[in-house]
Amino acid sequence: MAIKALPTSFFERPTLEVANHLLGQVLVRQLDDRIVQAEIVEVEAYTADDPACHAFAGRRPRCEVMFGPPGFAYVYFIYGMYHCLNVVTEVDGVPGAVLIRALAEPKSGSQLQLNGPGKLCRQLEIDLQCNGLPLFDAKQKLYIKSGRTIKEEEIAVSPRIGISKAVERPWRFYLKDHKSVSRRK
DNA sequence: TCCGGGATTTAA
DNA sequence: TAAATCCCGGAA
């Protein structure tokens, strides 16, 4: 039976809804010598009317992908040394994305530390070449497949981390008591 | 063309 | 608390 990725309809919804539902889904990354499959355990939402969102200032080359159809990867370079992975949401023409902040490998024996948006991209070798890749296509070396269902009471909410605008919006979501989530600032 | 800030991380 | 380190976007 062929491996199946999440359908585009999963991503073509309001950003906050997609952010919540991404928790528990599995990010699959095929590297040259190994394959990594890890559960999404921490995310943040960014929307069109959100001053903290890269797309807030309008269409720019960097965040062009966010304005396109949902389900694609939006990867950006930050602080001169890190990349961050986002999943594009909303219908075509409306910008929106969910930042993947932490992952957890099902087998805890792994040495991979996948907490922190910069660190997980570094370890999964995700860079600007991944920008614009479809995450709904299991033939890709980077995609998202269905994981487990998360109950609402398992999700913790907090303000987003590291931003200077709209700092009060409670748009960070993560699995309660999960050891892989970023430390609070 | 120039300049400042940034959805981070680490170490002291 | 600060340094590392560089792309992007707005100002000039």
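Residue numbers start from 1 in every chain, and the chains themselves are labelled A, B, ... in the order their sequence lines are given, proteins ahead of strands. Just so we're clear, the structure is a prediction, and the values are computed from it rather than from any experiment.
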For the pair made of [atom1] in [X] and [atom2] in [N], what is the distance, rounded to whole Å?
X: A:Arg122; N: C:dC6; atom1: CZ; atom2: P; value: 11 Å
X: A:Ile163; N: B:dT8; atom1: CD1; atom2: P; value: 9 Å
X: A:Ile78; N: C:dA4; atom1: CD1; atom2: C1'; value: 14 Å
X: A:Asn86; N: B:dT8; atom1: CG; atom2: C1'; value: 14 Å
X: A:Asn131; N: C:dC7; atom1: CG; atom2: C1'; value: 13 Å
X: A:Arg59; N: C:dG9; atom1: CZ; atom2: P; value: 14 Å
X: A:His83; N: B:dT9; atom1: NE2; atom2: C1'; value: 14 Å
X: A:Arg160; N: B:dT8; atom1: CZ; atom2: P; value: 11 Å

Of A:Arg62 and A:Tyr82, the one whose closest DNA chain C nucleotide lies more 5': A:Tyr82
With distance as the sole test, does A:Arg160 use its side chain to make a donor-acceptor pair with the main-chain N or O of A:Glu168 at under 3.5 Å?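 Not a single qualifying donor-acceptor pair exists.
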Check for a donor-acceptor pair, side chain of A:Glu44 on one end and backbone N or O of A:Ile161 on the other, with a separation under 3.5 Å.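 Checking the backbone N and O of A:Ile161 against the side chain of A:Glu44, a donor-acceptor pair under 3.5 Å is found.
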Between A:Phe136 and A:Leu6, is there a side-chain heavy-atom distance shorter than 4.5 Å?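 When only atoms from C-beta onward are counted, A:Phe136 and A:Leu6 do not touch, as no gap falls below 4.5 Å.
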A:Gln123 side chain reached by A:Leu114 side chain, heavy atoms, under 4.5 Å: yes
Would you mind checking if A:Arg169 and A:Asp49 are paired as a salt bridge, meaning a charged N to carboxylate O distance below 4.0 Å?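 Yes, this pair counts.
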Respond yes when some side-chain nitrogen or oxygen of [X] is under 4.0 Å from OP1 or OP2 of [N], and no when none is.
X: A:His54; N: B:dA7; answer: yes
X: A:Ser164; N: B:dG6; answer: yes
X: A:Lys119; N: B:dT10; answer: yes

Determine the contact category for A:Gly118: base if any of its heavy atoms lies under 4.0 Å from a base atom, sugar-phosphate if only primed atoms, P, OP1 or OP2 are that close, otherwise nothing.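 Sugar-phosphate: the residue A:Gly118, judged by heavy atoms under 4.0 Å, touches backbone atoms but no base.
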Over all strands shown, is A:Ala97 touching base, sugar-phosphate only, or nothing at heavy-atom distances under 4.0 angstrom? nothing
Applying a strict under-4.5 Å side-chain criterion to I, L, V, M, F, W and Y, I'd like to know whether A:Ile78 and A:Met66 cluster together. yes
Partner of B:dA7 by Watson-Crick or G-U wobble geometry, both contacts under 3.5 Å, or none? none
Looking at [options], which one has an atom nearest to any side-chain atom of [X]?
X: A:Arg60; options: C:dC7, B:dT8, C:dG10; answer: C:dG10
X: A:Pro61; options: C:dA4, B:dA7, C:dG9; answer: C:dG9
X: A:Met66; options: B:dA7, B:dT9, C:dG10; answer: B:dA7
X: A:Met81; options: B:dT10, B:dT8, C:dT5; answer: C:dT5
X: A:Leu99; options: C:dC7, B:dA7, C:dG10; answer: B:dA7

Regarding C:dA4, can its base be found pairing with the side chain of A:Tyr79 as donor and acceptor, where the two atoms are less than 3.5 Å apart?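 Donor-acceptor pair under 3.5 Å: no.
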Aromatic-base stack, A:Tyr76 on B:dA7, cutoff 5.5 Å, angle under 30: no
Work out how far the P atom of C:dA2 is from that of B:dG5, and round it to whole angstrom. 15 Å
